[in-house]
Colleague: 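I'd like to ask some things about the structure below.
Computed from a predicted model, the values in this text were never measured in an experiment. Chain identifiers are assigned alphabetically (A, B, ...) following the order of the sequence lines, protein sequences preceding nucleic acid strands; residue numbering begins at 1 within each chain. What's counted below: heavy atoms across the whole structure, side chains too, no hydrogens, waters or symmetry copies.
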There are 2 protein chains.
Amino acid sequence: MSAEERIKKEIIQNFGHAYRAFGLNKLMGHVVALLIFSPEPLSLDEISQNLERSKGPVSQIMKRLRDRNLIRRVWHPTSRKDFYEIQPEIFENAFRNNFELIKSNTRLAKQLKATVNKEKSDNFDTLKLRLLEMQKFYELTEKHFDNFLSEWSVEREKIYSKSK
Amino acid sequence: MSAEERIKKEIIQNFGHAYRAFGLNKLMGHVVALLIFSPEPLSLDEISQNLERSKGPVSQIMKRLRDRNLIRRVWHPTSRKDFYEIQPEIFENAFRNNFELIKSNTRLAKQLKATVNKEKSDNFDTLKLRLLEMQKFYELTEKHFDNFLSEWSVEREKIYSKSK
DNA sequence: GTAATCGTTTGAATTTTTTCAAACGTTAAA
DNA sequence: TTTAACGTTTGAAAAAATTCAAACGATTAC
């Protein structure tokens, strides 16, 4: 096996683990790594072949990746096949996906707090305070996420303008 | 079922889903919610009983939660049992756990970039740039995480000093 | 209009994760 | 020293997620 192939395999494996750690499907990570690695868009067949999976699950994974804005479809004028490539803003988009989870936690905390506050019972004192803390925590998180994203767009621009 | 119990059940379910979305065991979320809800520390038996699980899996989950600094053990002078309560800094600690994942991604990007840069081949141009982007992205993330955590400790102090 | 080439869907098979009950070991009481 | 009360470990059972091969439907080529 060539050095290239070794590195490629390693990256693919690593991405699989990383995706897994974040609660996503390992195969999603593999596909993302493969596409990051590839200078050209790849077809469904090429991807299945490369990762040694059948078309079925790969097709499903491609849908999930598209839903998350991590990849996108492109078309060759000469071919009837779909081709896929990485979304240029993949890291930012992955981050946004997690951001959505954070936001849903904020909403959850607020909603729970509202429900609990309606109750007369004193038993909820500990909980009320905790839910307030939770809400504040996630609100602060959201603020910093926003800051991060605007700073990142500047940073990213720098990387790619240099490389031209 | 009383209003209290209803709310409690709902919170427990919600936490289960949230934990799941982040790639953790649902039962971990349930235990955390139960302990957040509880004004008093709970024993292993009480937790198993409350969540209708046997001691075995709960014992294992408690270990995982302790490893992640989300709960802690306390002892009653009068009882031989272990009791558990939420770590006061649970949100911060959960955040730190994710932070560790981010850091491992930074390390991964750096390491991959180093490996790839050693290669003479031109085939890696796309990949090199991507890995640079990835490294920068995660470095910026780390910076903002740090900012967040220091700001949060101030914010949290405010919440709990007010409540006294 | 028919055949060929796609991507997607589906139900079954496999693999992995979760869960349990029982056995085990340890500590404290009797 | 024995017994009782714990928490943890373990191997098997149950549940859930992943994966596949085949069927399907839609679109393009002939």
Colleague: Does CD in Glu139(B) sit with more than 12 non-hydrogen atoms of other residues, nucleotides or ligands closer than 6.0 Å?
Modeller: yes
Colleague: Check whether any side-chain nitrogen or oxygen of Arg20(A) sits under 4.0 Å from OP1 or OP2 of dT17(C), and answer yes or no.
Modeller: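 True: Arg20(A) side-chain N/O within range (under 4.0 Å) of dT17(C) OP1/OP2.
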Colleague: Tell me the interatomic distance from Asp67(B), atom CG, to dT8(D), atom C1', rounded to whole angstroms.
Modeller: 14 Å
Colleague: Round to a whole Å and report the spacing from CG of Leu27(B) to C1' of dA15(D).
Modeller: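 Atom CG in Leu27(B) sits about 14 Å away from atom C1' in dA15(D).
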Colleague: Judged by each residue's nearest nucleotide on DNA chain C, which is more toward the 5′ side, Leu44(A) or Gln60(A)?
Modeller: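 Of the two residues, Leu44(A) wins.
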Colleague: Rounding to a whole Å, what distance do you find between His17(B):NE2 and dA16(D):C1'?
Modeller: 14 Å
Colleague: Hey, could you give me each pair passing side chain to side chain donor-acceptor pair (under 3.5 Å) that has a residue in residues 68-77 of chain B? Not counting sequence neighbours.
Modeller: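 Residue pairs passing side chain to side chain donor-acceptor pair (under 3.5 Å), neighbours aside: Arg72(B)-Glu85(B), Arg73(B)-Asp82(B), Trp75(B)-Asp82(B).
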Colleague: With respect to the side chain of Ser54(B), which nucleotide from dT18(D), dC20(D), dC20(C) is positioned closest?
Modeller: dC20(C)
Colleague: Phosphate oxygens OP1/OP2 of dG7(D): is one of them under 4.0 Å from a side-chain N or O of Arg66(B)?
Modeller: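 No, no such contact exists.
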Colleague: Identify whether any heavy atom of Lys55(B) sits under 4.0 Å from a base atom; if not, whether one sits that close to sugar-phosphate; answer base, sugar-phosphate or nothing.
Modeller: base
Colleague: Given atom NZ of Lys81(A) and atom P of dT5(C), what is their separation to the nearest angstrom?
Modeller: 10 Å
Colleague: Between atom CD1 in Ile61(B) and atom P in dT19(C), what is the gap in whole Å?
Modeller: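 One finds 7 Å between P of dT19(C) and CD1 of Ile61(B), rounded.
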Colleague: Using a cut-off of strictly less than 4.0 Å, decide whether Arg64(A) has a side-chain nitrogen or oxygen near OP1 or OP2 of dA17(D).
Modeller: no
Colleague: Whole Å only: how far is the NE2 atom of His76(A) from the P atom of dG7(C)?
Modeller: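 That distance rounds to 13 Å.
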Colleague: Should the side chain of Arg80(B) and the base of dA28(C) be counted as holding a donor-acceptor pair, with the cut-off at 3.5 Å?
Modeller: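 Such a pair does not exist between side chain and base.
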Colleague: Between dT19(D), dG7(C), dT8(D), which nucleotide gets closest to the side-chain atoms of Asp45(A)?
Modeller: dG7(C)
Colleague: Any idea which of dT10(D), dG7(D), dT18(C) is nearest the Ser59(B) side chain?
Modeller: dG7(D)
Colleague: Considering residues at least two apart in sequence or located in another chain, which fulfil the side-chain hydrogen bond (donor to acceptor under 3.5 Å, both in side chains) criterion with Asn105(B)?
Modeller: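 Scan of Asn105(B) (side-chain hydrogen bond (donor to acceptor under 3.5 Å, both in side chains), adjacent residues dropped) gives Tyr138(B).
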Colleague: Output the rounded distance in Å from CG (Asn25(B)) to P (dC20(C)).
Modeller: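 Computing the Asn25(B):CG to dC20(C):P distance gives 11 Å.
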Colleague: Send over the distance from Glu52(B) CD to dT18(C) C1', rounded to a whole Å.
Modeller: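 Between C1' of dT18(C) and CD of Glu52(B): 17 Å.
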Colleague: Just checking, Lys81(B) and Phe83(B): is the charged tip under 6.0 Å from the six-membered ring centre and within 45° of the axis?
Modeller: no
Colleague: Looking at the side chain of Tyr84(A), which of dT19(C), dT8(C), dC20(D) is the nearest nucleotide?
Modeller: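 Comparing dT19(C), dT8(C), dC20(D) against the side chain of Tyr84(A), the answer is dT8(C).
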Colleague: Please determine if Arg96(A) and Glu92(A) form a salt bridge, counting it only when a charged side-chain N lies under 4.0 Å from a carboxylate O.
Modeller: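 Judged by the 4.0 Å cut-off on N to carboxylate O distance, Arg96(A) and Glu92(A) do form a salt bridge.
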